[in-house]
Amino acid sequence: MNLRRARPNDPEINLTPLIDVVFLLLIFFMVSTTFVREAEVSVDLPQASAQGAPPEEQAILEITIDAQGQYYVNGNAVAGGQIATLRRALREAAGDAESPRLVISADRNTPHQAVITAMDAARQVGFVRLTFATQQSDE
């Protein structure tokens with residue numbers, strides 16, 4: 001006859017449902033988070049009231065022009081600011097793409113000549129699909 005009390009077994013916690021919930025929360029936050037594209041070059045874009053066109057799946061080149069007229073192709077500074085140097089930088093950035101979309105992001109205080117030079121360099125390289133980046137106005 002055994003008079004000692006039987007000790008209950010230690011309860012085991014099943015961690016599988018907890019891990020599943022944590023992964024679901026992780027996936028939810030990854031999908032619902034919006035990422036802000038921060039430019040390396042500070043550019044104050046002009047405002048426009050029209051909505052932009054929906055993005056297409058195609059190669060996109062970006063020429064950024066700061067307030068002093070300095071050129072950046074896809075974030076890389078173009079030395080000198082001459083049209084020949086800009087053409088060479090555009091050809092290198094385009095790579096194998098035959099007709100990429102070209103987005104020109106110019107500061108609102110950029111000299112007009114700098115924008116025209118960028119457009120002329122793009123035309124000489126053979127890029128005909130130009131878009132200007134703007135901020136949407138509050139109106």
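Computed over heavy atoms, backbone and side chain alike; hydrogens, waters and symmetry mates excluded.
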* When you measure from the side chain of Tyr71 to the backbone N and O of Gln82, does any donor-acceptor pair fall under 3.5 Å? -> no
* Audit row: Leu61, Val103, side-chain contact (heavy atoms from CB on, under 4.5 Å) steps and yes/no -> CA-CA 6 Å; Leu61 289 177; Val103 178; over 6 Å; no
* Asked: CZ of Phe127 to CG of Leu102: how many Å apart, nearest 0.5 Å?
  -> 7.0 Å
* Asked: Just by distance, do the side chain of Gln70 and the backbone of Val78 share a donor-acceptor pair under 3.5 Å?
  -> yes
* Between CG of Asp107 and CD1 of Ile65, what distance do you get to the nearest 0.5 Å? -> 10.0 Å
Residues 115-126, side-chain donor-acceptor partners within the protein, below 3.5 Å, at least two apart:
{"from": "Thr117", "atom 1": "OG1", "to": "Gln113", "atom 2": "O", "distance (Å)": "2.8"}
{"from": "Thr117", "atom 1": "OG1", "to": "Gln113", "atom 2": "NE2", "distance (Å)": "3.1"}
{"from": "Asp120", "atom 1": "OD1", "to": "Arg123", "atom 2": "NE", "distance (Å)": "3.4"}
{"from": "Asp120", "atom 1": "OD1", "to": "Arg123", "atom 2": "NH2", "distance (Å)": "2.7"}
{"from": "Asp120", "atom 1": "OD2", "to": "Gln124", "atom 2": "NE2", "distance (Å)": "3.2"}
{"from": "Gln124", "atom 1": "OE1", "to": "Arg87", "atom 2": "NH1", "distance (Å)": "2.4"}

* For the student: nearest non-hydrogen atoms of Ala79 and Thr85, plus distance -> O-CG2, 3.1 Å
* N/O donor-acceptor pair under 3.5 Å between Ser32 side chain and Phe28 backbone -> yes
* Asked: What heavy-atom pair brings Ser105 and Ala133 nearest, and what distance separates the two atoms?
  -> OG-CB, 3.3 Å
* Asked: Okay, side chain of Asn74, backbone of Glu62: is any donor-acceptor separation there less than 3.5 Å?
  -> yes
* Asked: Mind checking whether Ile83 and Leu130 sit in one hydrophobic cluster, side chains of I, L, V, M, F, W, Y counted as touching below 4.5 Å?
  -> no
* For Ala94 against Pro100, the heavy-atom pair lying closest together -> CB-CG, 4.3 Å
* Which residue pairs pass the salt bridge (charged side-chain N to carboxylate O under 4.0 Å, His left out) test with at least one member in residues 14-28, sequence neighbours excluded? -> none
* **Sub-4.5 Å side-chain heavy-atom contact between Leu90 and Ile63** => yes
* For Leu26, all residues meeting side-chain contact (heavy atoms from CB on, under 4.5 Å), sequence neighbours excluded -> Phe23, Met30
